[in-house]
Amino acid sequence: MQYVIYGIASFFFLYGIILLAEGFYTTSAVKEMHSEFKTTACGRCISGMFVFLTYILGVAWLGVFGFSAVPVFMFYNIWSSCEVLKGLPVNYTTTAEQICVDIRQYGIIPWNALPGKACGTALGNICSTNEFYMSYHLFIVACAGAGATVIALLIYMMATTYNYAVLKFKSREDCCTKF
């Protein structure tokens with residue numbers, strides 16, 4: 001799994017560099033207003049391909065964003081139970097053994113797994129570890145990063161679609177006389 005993450009990170013780094021170069025190329029062609037303007041079919045095809053590929057990657061990362069929200073929700077619920085457990089000396093209406101977290105309800109482990117439930121001191125031991133809080137913060141960062149990636153892909157797709165439309169429009173013979 002670690003190598004898959006390295007591969008995805010490397011792919012997106014290279015894809016970002018390619019998108020940056022293509023964006024500079026297309027933007028400089030669009031901004032060229034007062035001199036002779038020529039576009040090629042290959043340039044329009046490459047811009048269209050990047051719009052399509054960015055759309056596909058945006059939909060895929062939207063799925064990653066959705067799936068990365070699930071562990072954040074799960075850890076938030078466990079953290080809420082931990083906070084209730086910490087506040088027990090103030091609240092004497094319940095005992096520590098009545099506060100439980102059932103991991104089986106999230107679909108991570110099967111229903112017949114034992115122990116699928118952590119109550120009282122077992123839950124307190126989980127809550128007192130640094131790893132629990134570190135993983136919670138890392139899941140939040142992963143969810144935020146996936147959301148930022150989706151937003152960046154959408155912004156790039158809008159800019160590239162605009163550039164593609166301008167390139168297509170300016171490649172027509174009557175582009176300056178017809179609006």
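By the 30° and 60° cut-offs, the orientation of the rings of Phe11 relative to Tyr15 is parallel.
When hydrophobic clusters are built by joining Ile, Leu, Val, Met, Phe, Trp and Tyr residues whose side-chain heavy atoms come closer than 4.5 Å, directly or via intermediates, Val141 is not grouped with Val64. One hydrophobic cluster holds both Tyr76 and Val101 under the rule that ILVMFWY side chains link at heavy-atom gaps under 4.5 Å. Criterion: ILVMFWY side-chain heavy atoms under 4.5 Å apart, direct or through other members. Under it, Leu53 and Ile18 are part of a common hydrophobic cluster. Linking Ile, Leu, Val, Met, Phe, Trp and Tyr residues whenever their side-chain heavy atoms come within less than 4.5 Å places Phe73 and Leu123 in a single cluster. Linking ILVMFWY residues whenever their side-chain heavy atoms come closer than 4.5 Å, directly or via other members, leaves Ile151 and Val59 in distinct clusters.
Smallest separation of non-hydrogen atoms from Cys143 and Ser68: CA-OG, 3.4 Å. Scanning all heavy atoms of the two residues, the minimum distance from Gly147 to Phe65 falls at N-CD1, 3.4 Å. Closest of all the heavy-atom pairs between Gly58 and Val150 is O-CG2, 4.4 Å. The shortest heavy-atom contact between Ser128 and Asn125 is OG-O, 3.0 Å.
Within the model, atoms CG of Leu85 and SG of Cys127 stand 6.0 Å from one another, a figure rounded to the nearest 0.5 Å. We find the CD1-OG1 distance between Ile126 and Thr121 to be 10.0 Å, quoted to the nearest 0.5 Å. Once rounded to the nearest 0.5 Å, the distance linking CD1 of Ile140 with OG of Ser135 reads 10.0 Å. Remark: Leu57 CG to Leu62 CG distance equals 12.5 Å, nearest 0.5 Å.
Side-chain contact between Met134 and Leu138 is present, with at least one heavy-atom pair separated by less than 4.5 Å.
Residues Phe67 and Trp61 keep their aromatic ring centres 6.0 Å or farther apart. Ring pair Phe75/Phe132: centre-to-centre distance below 6.0 Å.
Not one N or O on the side chain of Thr54 forms a donor-acceptor pair closer than 3.5 Å with the backbone of Val51.
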